[in-house]
There are 2 protein chains.
Amino acid sequence: MAVKKTKPAASTEAAPEPAGRVDLGLLDGLLGYRLRRAQLAVFQDFMTAMKDYDLRPAQFSVLAIIEANPGLKQSRVSEALGINRANFVALLDELEQRKLARRAAAAGDRRSNALYLTPKGESFLKEAYRHLLQQHERRIEAVLGSADKHLLLSLLDRLTAL
Amino acid sequence: MAVKKTKPAASTEAAPEPAGRVDLGLLDGLLGYRLRRAQLAVFQDFMTAMKDYDLRPAQFSVLAIIEANPGLKQSRVSEALGINRANFVALLDELEQRKLARRAAAAGDRRSNALYLTPKGESFLKEAYRHLLQQHERRIEAVLGSADKHLLLSLLDRLTAL
DNA sequence: CATTATTGTTGTAGATTATAACAATAATGC
DNA sequence: GCATTATTGTTATAATCTACAACAATAATG
């Protein structure tokens, strides 16, 4: 089928293929795209730092909310984190199996569970957070600096209120 | 079990339950958490704007990359977007079925596909992008302003290089 | 006290992401 | 030239995440 005639002969030195960088085109100006890439990088770094603790971002967030609001009802914890209450069940199940959190009877409502950290959960969270500051947040401040980090946080908050 | 003695009697007016806001605790200072919330809000807004076009962020990104790099090989497109090449197949299949993109023979490599937008894909992408600017990016600039948007973009890029 | 709402839960389906394997083809070493 | 190795697109599969419907127990309401 004469795919390759006599020879390409290179019109103007014809770069073989690697062709340098890929143009992002319309993507370049889209905030959502740049936000997603940054978020993936940060979560990746978070998970690397938490590898030894076997703690994913969602699990950490649940422990943190419970620590700051002991006795909060299960539905309100999931709601605060934007996690579907049906999906929250298995998430909490695992934290309970690992003896980091516990479901207790809620005073005055026999439908609800009041959530607490176990003593083990308290120390585990403290330790994980300490390690997170030393590894993860440290790397972030290395590229952002403290001032720009706080600036970024306030810019992000304005977006969350979209 | 005497769960409720005679009566709670309210120690200090004892707010019934709603208890105002939930304390974010350790989460409050974590960049990853704030980043994720912002990213979800922005993607949500993106999808709302693209509802009539039936275009998700990943699909838009593929079209945008192909438009900016016509003839780029399939593997390089997926690589540029950080999409596993196995998962990229079905993604591209759908765009091809919708006659927005097409696989063509790559010159000089019978293994590879060179990707192009169809004429329909070109106009569809242009139209979708126009609508995106008018709806989505407009709302973003309403809360950020142009200067802060560009500032945010540069801060995000520094994080991506983590 | 009958009706309606909420809570935790299970089951299920759709998306997303990662991995392994495979055939076709290309690139490389000798 | 030819055997070996690498790449490309693809399928299949599993893990994870998310959303939704349904249900029993319980609470709130009229």
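Numbered from 1 within each chain, the chains take letters A, B, ... in sequence-line order. Remember, it's a predicted structure, so these values are computed and weren't measured experimentally.
Per the geometry, CD belonging to B:E79 stands 14 Å off C1' belonging to D:dG9, to the nearest Å. For B:L91 and C:dA18, the CG to P distance is 14 Å, given to the nearest whole Å. D:dA25 atom P lies 18 Å from atom CD of A:Q74, rounded to whole Å. B:F88 has its CZ atom 14 Å from the P atom of D:dT11, to the nearest Å. Note: CG (B:L92) to C1' (D:dT11) measures 15 Å, nearest angstrom. Rounding to whole angstrom units, CG of residue A:D54 and C1' of D:dA15 are separated by 14 Å. With rounding to whole Å, A:N113 atom CG is found 16 Å from D:dA25 atom P.
The salt bridge (charged side-chain N to carboxylate O under 4.0 Å, His left out) search around B:D93 returns B:R103, not counting sequence neighbours. Residues passing the side chain to side chain contact (heavy atoms under 4.5 Å, CB included) test with B:S146 are B:E141, B:H150, sequence neighbours excluded. Applying the side chain to side chain contact (heavy atoms under 4.5 Å, CB included) criterion to A:Q135, with sequence neighbours excluded, gives A:A49, A:H131, A:R139. Judged as a side chain to side chain contact (heavy atoms under 4.5 Å, CB included), and not counting sequence neighbours, B:A105 has no contacts. Residues passing the salt bridge (charged side-chain N to carboxylate O under 4.0 Å, His left out) test with B:E94 are B:R56, B:R98, sequence neighbours excluded. Listed by chain and number, the residues in a side chain to side chain contact (heavy atoms under 4.5 Å, CB included) with B:K120 are B:K99, B:L100, B:T118 (sequence neighbours excluded).
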Donor-acceptor contacts, no H, no angles, side chain residues 36-44 of chain B, under 3.5 Å, sequence neighbours left out:
from, atom 1, to, atom 2, distance (Å)
B:R37, NH1, A:L81, O, 3.0

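Overall bending of the helix from C:dC1-D:dG30 to C:dC30-D:dG1, expressed as the angle between end axes built from five pairs apiece, is 30° (10° steps).
Where A:L40 and A:V89 each meet DNA chain C at their nearest nucleotide, the meeting point lying more 5' is that of A:V89.
Just one residue in the list B:R102, B:K73, B:Q74 forms a side chain to side chain donor-acceptor pair (under 3.5 Å) with B:N113, and that residue is B:Q74.
Between C:dG8 and A:S75, a contact under 4.0 Å exists linking OP1 or OP2 to a side-chain N or O.
Between B:D28 and B:Y33 there is no side-chain heavy-atom pair separated by less than 4.5 Å. Side-chain contact between B:L159 and B:L35 is present, with heavy atoms from C-beta onward closer than 4.5 Å. Between A:L156 and B:L31, the closest side-chain pair of non-hydrogen atoms falls below 4.5 Å. The shortest side-chain heavy-atom distance between B:F60 and B:L132 falls under the 4.5 Å cut-off.
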Could you pull out the protein-nucleic contacts involving nucleotides 28-30 of chain D (nitrogen or oxygen on both sides, under 3.5 Å)?
none

Hey, what are the protein-to-nucleotides 14-16 of chain C N/O distances that come in under 3.5 Å?
from, atom 1, to, atom 2, distance (Å)
C:dT16, OP2, B:R56, NH1, 2.8

Show each protein N/O and nucleotides 19-24 of chain D N/O combination with a separation under 3.5 Å, one pair to a line.
from, atom 1, to, atom 2, distance (Å)
D:dA19, N7, A:N87, OD1, 3.3
D:dA19, N7, A:N87, ND2, 3.0
D:dA19, N6, A:N87, OD1, 3.2

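Distance from the side chain of B:R110 is smallest to C:dA26 among C:dA26, D:dT10, D:dT8.
Applying the salt bridge (Lys or Arg N to Asp or Glu O under 4.0 Å) test to every pair with at least one member in residues 152-162 of chain B, sequence neighbours left out, gives these pairs: A:R34-B:D157, A:D148-B:R158.
Linking Ile, Leu, Val, Met, Phe, Trp and Tyr residues whenever their side-chain heavy atoms come within less than 4.5 Å leaves A:V143 and B:L30 in two separate clusters.
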